[in-house]
Amino acid sequence: MADNQTTVALNIGSQRIGMAVFEPSKNGGLVLKSYDSESIVADPVTDSIRQSQTKAAIGQLVQRLKLGKTKVRYAISGQSVFTRFVKLPPLQDDNIEQLVTFEAQQHVPFPINEVVWDYELLESAGEKEVVIVAIKGDALDEINRGVNENGLITAEVDVAPMALYNSFRAVYGNVEEPILLIDIGAKTTNLLYVEGARFFTRSIAIGGVSITAAIAKEYGVSFIEAESQKVTNGLVALGGGHTEQLDESVAALAMTIRNALTRLPAEIARTTNYYRSQHGGNAPKHVFLAGGGSSLPYTREFFEEKLHLPVEIFNPLGIVTIGKSVDVDRLQSEAHMMGELVGLGLRGIGKAKINIDLVPATVEQSRAAERRKPLLIAAAAILIAGAGAYAGFQTMAARKAADEAKTMSDAAEKLAPVQAEITALLKKEADLRRVADAYVNAEADRTFWVDAVAELRGAFASDAVWLTELVPLADHNPFPPAAAEGAPKVSGVGTEVVKADFVASAYGTSSLIEVKAPAAPVQPVKGKKPAAAPEAPESTANAIRIRGLWRENPQSQNLVTALLKKLKEGNSTHFKFKTLGPDGKTEIEIPDEKILIEVKPKAEAGEFALPFEIILPLARPVAIK
């Protein structure tokens, strides 16, 4: 569990959920103690289950970072909120609160009592200016439930563009020339114009999903397959015959990505003109790139070509000391996606320039209760003093106490039916929560297989290798316990959960083999009735067996080993390559011979392709239903 000096930061994006734990350094900066991230496919088809996917991703991060019930500062995406910059007439400071409330009622496109909103007075040499940020209250409550139900306590709710601005100012200070920070996310791109101490931001509905959708449309493939192709083989084509040096298929994919990205410079030009004409700003002289959408090769060169400005990748970790347990190689590849997390960390040590706090209703109630505590303590002290004053009147007090006891007894009798009703409602709530959790877990298990197959498809992308069979396994153990003397040897391979003849299964019947997990025995207690047998544990798959074929190529059968190594070194989120050793305590690396079970090295006469077999342990057990 985090202590009072620790800041847990959570950035909730449309496709990527990032979490970091910071502590203050001795020089007043930040120390990154741990970091992790989780991705969910931002397929528009699955928007209806986005909140359940986000909740499951947050839960996995909490588990991996070993966080208990701790306070968290989290940022929501810019597309989720309404942002407006408003200039105020010259007034005394004590009237600003009323004036901003009036402006919010005029500009926010929803009834003011249905939204959660906040504002920040911006630094300006001339007239006063504020930024107003608002979000529908029910939308914020839904996001906040997903955070709180994973054991986290809401401390503050920020907005991604503001958190990113705070990290930029901490790294570069008051820059003299006008700057444009382009944060390319999954569904939107946030544009931040920074001039000295002032700034302006706007969200554009173009992001990584737009590129993936263009690939899916161009090649007639699913969104998940298009996303895999983008991540595995994608790059941005440049002008001047750049694609002539590429493979034909890669060049075609690069041109599709370029065409999808070309809309963004046009929107940037329109936003720049608006910023200059309506807010008196200047055209940017330098550009920084951030966000997952800027990870594609040649993205920086593409924007230099289109904007005719120097472009560099934003690194917010210049002001952060890296802890010993943090993977430095991973930070190098993901630093440009951590600006919001650093900005949230700065909130924790009081060094943020912009302090937007969108307070959910439940959090506001908790804060109000905290504010009332001193009054309650004072009331309790007065009550105790009064009890001491009445100690001299014991007889009178006893009589009065008897009367009060009778009154309370009568009140308790009247409330008994209400208590029973409340108890029934609480039981109903618990039953509904169990059903809801079952649905969420089932959806997480379903999407796990889809994402796992997509990861395999990307890792084994080769014209010399085919995957022909994927079979989930239960009870797989790469280090099976030694068999008793005289007993048959335990293989540890596991049990298939799909029937071999599943293609012949009748409609409406299950193709899964019923795998029964061992139930704990019930110990009889002398002199008491035997207890009912506990409910059998849920059956789960913990590995997947992959069979495939490889054909002749320059690497021969070593190609299978090379592709497996690529999966192993790619920070896989669905498969694991370490497990507890035979002693059940020490975590050890699973040797290759325990994973690559078989690969035929040489073809017989007439054979076009040769088989191989791999068993991959899953990152977590998945329920078999």
Side-chain angles (χ1 to χ4, degrees), residues 1-14 16-23 30 33-38 50-83 114-120 133-164 166 340-352 354-373 433 436-437 440:
M1 182 179 294
D3 58 37
N4 293 332
Q5 298 298 316
T6 298
T7 294
V8 177
L10 171 64
N11 184 32
I12 305 176
S14 299
R16 186 174 182 277
I17 315 298
M19 184 177 285
V21 178
F22 296 97
E23 288 183 358
L30 290 173
K33 303 300 292 185
S34 58
Y35 163 76
D36 205 348
S37 64
E38 187 74 17
R50 177 75 57 228
Q51 288 299 333
S52 62
Q53 290 180 319
T54 301
K55 175 186 172 184
I58 295 173
Q60 292 175 15
L61 292 175
V62 169
Q63 185 177 10
R64 292 206 292 265
L65 294 183
K66 300 178 181 178
L67 298 175
K69 192 171 184 179
T70 185
K71 291 186 177 181
V72 63
R73 291 177 169 85
Y74 67 87
I76 55 180
S77 63
Q79 74 176 56
S80 305
V81 301
F82 171 85
T83 304
E114 294 180 6
V115 302
V116 175
W117 68 282
D118 196 11
Y119 76 94
E120 181 78 11
V133 181
I135 182 174
K136 289 292 291 289
D138 52 359
L140 179 59
D141 287 342
E142 186 176 11
I143 296 171
N144 195 62
R145 277 195 298 272
V147 174
N148 294 160
E149 288 175 3
N150 282 295
L152 299 174
I153 303 169
T154 303
E156 290 174 328
V157 181
D158 205 344
V159 183
M162 310 304 171
L164 186 61
N166 283 330
E340 293 85 352
L341 294 175
V342 174
L344 291 167
L346 293 169
R347 292 283 296 267
I349 61 174
K351 292 193 174 182
I354 300 293
N355 292 279
I356 292 294
D357 189 10
L358 300 174
V359 185
T362 54
V363 178
E364 180 58 34
Q365 292 170 4
S366 299
R367 292 182 181 178
E370 288 293 328
R371 289 193 294 267
R372 287 195 300 268
K373 273 186 178 180
R433 190 176 297 278
D437 289 344
V440 170

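We number each residue from 1, following the sequence as shown. Keep in mind it's a predicted model, so treat the numbers as computed, not measured.
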Pair L152-M19, side chain to side chain contact (heavy atoms under 4.5 Å, CB included): steps then yes or no: CA-CA 12 Å; L152 299 174; M19 184 177 285; 4.1 Å; yes

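- Taking the side chain as every heavy atom from C-beta outward, E340 and D158 never approach each other to under 4.5 Å.
- Atoms CG and CD1, from N11 and I76 in turn, are 10.5 Å apart once rounded to the nearest 0.5 Å.
- In this structure, the side chain to side chain donor-acceptor pair (under 3.5 Å) partners of Y35, at least two apart in sequence or on a different chain, are R16, E334.
- Using a 4.5 Å heavy-atom threshold, the side chains of I143 and V157 count as separate.
- From F22, atom CZ reaches atom CG of L344 across 8.0 Å, with rounding to the nearest 0.5 Å.
- The environment of CD in Q63 is sparse: at most 12 heavy-atom neighbours from other residues, nucleotides or ligands sit within 6.0 Å.
- Across every non-hydrogen atom of A75 and V159, the tightest pair is CB-C, 4.3 Å.
- Atoms CD1 and CG, on I349 and L30 in that order, are 4.0 Å from each other to the nearest 0.5 Å.
- Residues forming a side-chain contact (heavy atoms from CB on, under 4.5 Å) with S34 (at least two apart in sequence, or on another chain): V21, L65.
- Counting only heavy atoms from C-beta outward, the side chains of I12 and L10 approach each other to under 4.5 Å.
- When every heavy atom of R50 is checked against every heavy atom of S14, the shortest pair comes out as CD-O, 3.7 Å.
- Here D118 pairs with I356, D357, L358 under the side-chain contact (heavy atoms from CB on, under 4.5 Å) rule; sequence neighbours left out.
- For the atom pair OG1 (T154) and OH (Y74), the distance works out to 4.5 Å, reported to the nearest 0.5 Å.
- Residues passing the salt bridge (Lys or Arg N to Asp or Glu O under 4.0 Å) test with R73 are E156, sequence neighbours excluded.
- Listed by chain and number, the residues in a side-chain contact (heavy atoms from CB on, under 4.5 Å) with I153 are K69, K71 (sequence neighbours excluded).
- Contacts of A352 classified as side-chain contact (heavy atoms from CB on, under 4.5 Å), with partners at least two apart in sequence or in another chain: N166, R347, N355.
- Taking each heavy atom of P360 and D141 in turn, the nearest pair found is CB-OD1, 3.8 Å.
- Using a 4.5 Å heavy-atom cutoff, the side chains of L67 and V72 are not in contact.
- For A160 against G78, the heavy-atom pair with the smallest separation is CB-N, 4.3 Å.
- To the nearest 0.5 Å, the span separating OG1 on T54 from CD on E142 amounts to 9.5 Å.
- Just one residue in the list I135, V363, V359 forms a side-chain contact (heavy atoms from CB on, under 4.5 Å) with L140, and that residue is I135.
- Residues satisfying the salt bridge (Lys or Arg N to Asp or Glu O under 4.0 Å) test with R64, not counting sequence neighbours, are D36, E38.
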Side chain to side chain contact (heavy atoms under 4.5 Å, CB included), that's the test. Do L61 and N150 meet it? Break it down for me. CA-CA 10 Å; L61 292 175; N150 282 295; over 6 Å; no

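- Remark: E149 pairs with K55 by the side chain to side chain donor-acceptor pair (under 3.5 Å) rule, at least two apart or across chains.
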